[in-house]
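To start, the structure under review is shown below, and the notes come after it.
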Amino acid sequence: MNKSIKIFFALIAVLSLPFAMSAQDAEKAKKTQRAPTSEVRANAKALVETAENGDVTIKRNPKAIKPDLDSAKNIPAELISLLWQIEPELDFNKLNDTLEKKAGKSNKLNVFMDATDSYLSTLGIRLKETKFSEGSVRSKLDEGLPLFLMYKTNPELDTISSRMPARKSASDMKVWAKEVLKLKVKNFHSQKNMISFALIYGYNKTTGEFLVEKTGNRFWVLGDEIKSIIHELYEVRF
């Protein structure tokens, strides 16, 4: 190959480089660009399904990308699950950095949650404390938005979880509604200064139950039982 041809191809390579970089930058921007709120809402609502027995539950978001857990070391697993559900491509590195800067070594839950909300607000998402009202919680779930529950740690949740086989075998939810009231836990032995995390993922209006998820396990809890153990409740807002 003579010298002039070599120079020609070298010139083409140099001239094409900016275009290649521009294409890569455009693709990167496309991946990091957040979908319009209306689209996020529609996607969330599309994950809601209603069973024949009246159970309304939220399916897992199939677009959720599991983060490197090292980049989310300061974030409770249940909160990670909630954020996956709403914003599948969330940058957990940035969220974790924000938590370290704003919450630092504070062990106060409200400081931690405020720092989380501060970062999410840059994406047009808010995570705000709300009161547990069965009607309002059902409305949120109908929108495909799980709720983040902080509750007083207690051993009675094992008792509640043990009701699941009987519930599963119930053929009529109206009958089960009467049965579950007989099994309702009335006295909880909460551990002092111990708070655990869970998500509320569904409900059954006939039975007054809510589907709670804790460390990957799902079980149905009566609204009155949640009221007995609740510490704080947070909802997603757009």
With rounding to the nearest 0.5 Å, note down the distance linking [atom1] in [X] to [atom2] in [Y].
X      : Y      : atom1 : atom2 : answer
Ile75  : Thr116 : CD1   : OG1   : 7.0 Å
Leu120 : Met113 : CG    : CE    : 9.0 Å
Leu90  : Ile125 : CG    : CD1   : 7.0 Å
Leu222 : Asp224 : CG    : CG    : 7.0 Å
Leu83  : Leu123 : CG    : CG    : 10.0 Å
Ser136 : Leu141 : OG    : CG    : 9.5 Å

Checking [X] now: which residues fulfil side chain to side chain contact (heavy atoms under 4.5 Å, CB included) with it, not counting sequence neighbours?
X      : answer
Ala166 : Trp176
Lys101 : none
Arg126 : Asp117, Ser121, Lys128, Arg237
Glu143 : Arg41, Lys140, Leu145

Smallest separation among heavy atoms of [X] and [Y], with atom names:
X      : Y      : value
Phe112 : Pro76  : CZ-CD, 3.4 Å
Ile86  : Pro146 : CD1-CD, 4.2 Å
Glu209 : Thr207 : OE1-OG1, 2.7 Å
Leu233 : Lys131 : CD2-O, 4.1 Å
Leu99  : Ala115 : CD2-CB, 3.7 Å

Query raised in the report: Quick one: are Gln85 and Val236 in side-chain contact, heavy atoms under 4.5 Å?
Result: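 Heavy-atom side-chain distance check fails, nothing below 4.5 Å.
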Query raised in the report: Side chains of Val137 and Ile226: closer than 4.5 Å at any heavy-atom pair?
Result: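 They are not in contact (no side-chain heavy atoms under 4.5 Å apart), so the answer is no.
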All salt bridge (Lys or Arg N to Asp or Glu O under 4.0 Å) counterparts of [X], not counting sequence neighbours:
X      : result
Arg138 : Glu134
Glu78  : Lys214
Lys205 : none

Query - Pairs where residues 45-65 contributes a residue and the test ring-ring contact (aromatic ring centres under 6.0 Å, His included) is met, not counting sequence neighbours - result: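 Listed once each, the pairs would be none.
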Query - Contact list for residues 208-237, test ring-ring contact (aromatic ring centres under 6.0 Å, His included), sequence neighbours left out - result: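 Counting only pairs at least two positions apart or across chains, the ring-ring contact (aromatic ring centres under 6.0 Å, His included) contacts touching residues 208-237 are Phe132-Phe210.
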Requested in this report: Apply side-chain contact (heavy atoms from CB on, under 4.5 Å) to Leu82 and Leu79, showing your working.
Outcome: CA-CA 5 Å; Leu82 173 61; Leu79 185 54; 4.1 Å; yes
In a table with atom names and distances, give each donor-acceptor pair under 3.5 Å that connects a side chain of residues 192-199 to protein atoms at least two apart or in another chain.
unit_1: Ser196; atom_1: OG; unit_2: Thr153; atom_2: OG1; d: 2.6

**Report entry** Arg60 and Glu213 ion-paired at < 4.0 Å
**Finding:**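 Result for this pair is yes, salt bridge flagged.
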Query - Lys63 atom NZ: more than 12 heavy-atom contacts under 6.0 Å - result: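 Counting neighbours around NZ of Lys63, 12 or fewer heavy atoms of other residues, nucleotides or ligands fall under 6.0 Å, so no.
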Query raised in the report: Can you list the steps and then say if Arg167 with Met173 is a side-chain contact (heavy atoms from CB on, under 4.5 Å)?
Result: CA-CA 9 Å; Arg167 186 186 196 278; Met173 285 294 104; 4.0 Å; yes
Requested in this report: Would you please test Ile229 and Leu157 for side-chain contact (heavy atoms from CB on, under 4.5 Å) and show each step?
Outcome: CA-CA 10 Å; Ile229 63 174; Leu157 280 185; 4.2 Å; yes
Report task. Start with the C-alpha gap between Phe238 and Val40, add the side-chain angles, then the distance that decides, and say whether side-chain contact (heavy atoms from CB on, under 4.5 Å) holds. Result -> CA-CA 9 Å; Phe238 297 109; Val40 176; 3.7 Å; yes
Do [X] side-chain atoms and [Y] backbone N/O form a donor-acceptor pair below 3.5 Å?
X      : Y      : result
Asn154 : Lys152 : yes
Asn204 : Asn53  : yes
Ser161 : Asp158 : no
Thr122 : Ser118 : no

Query raised in the report: Quick one: side chain to side chain donor-acceptor pair (under 3.5 Å) partners of Thr98, sequence neighbours excluded?
Result: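 By the side chain to side chain donor-acceptor pair (under 3.5 Å) rule, Thr98 matches no residue at all.
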Report all side-chain donor-acceptor pairs from residues 177-190 shorter than 3.5 Å, counting only partners two or more places apart or in another chain.
unit_1: His189; atom_1: ND1; unit_2: Glu156; atom_2: OE2; d: 2.7

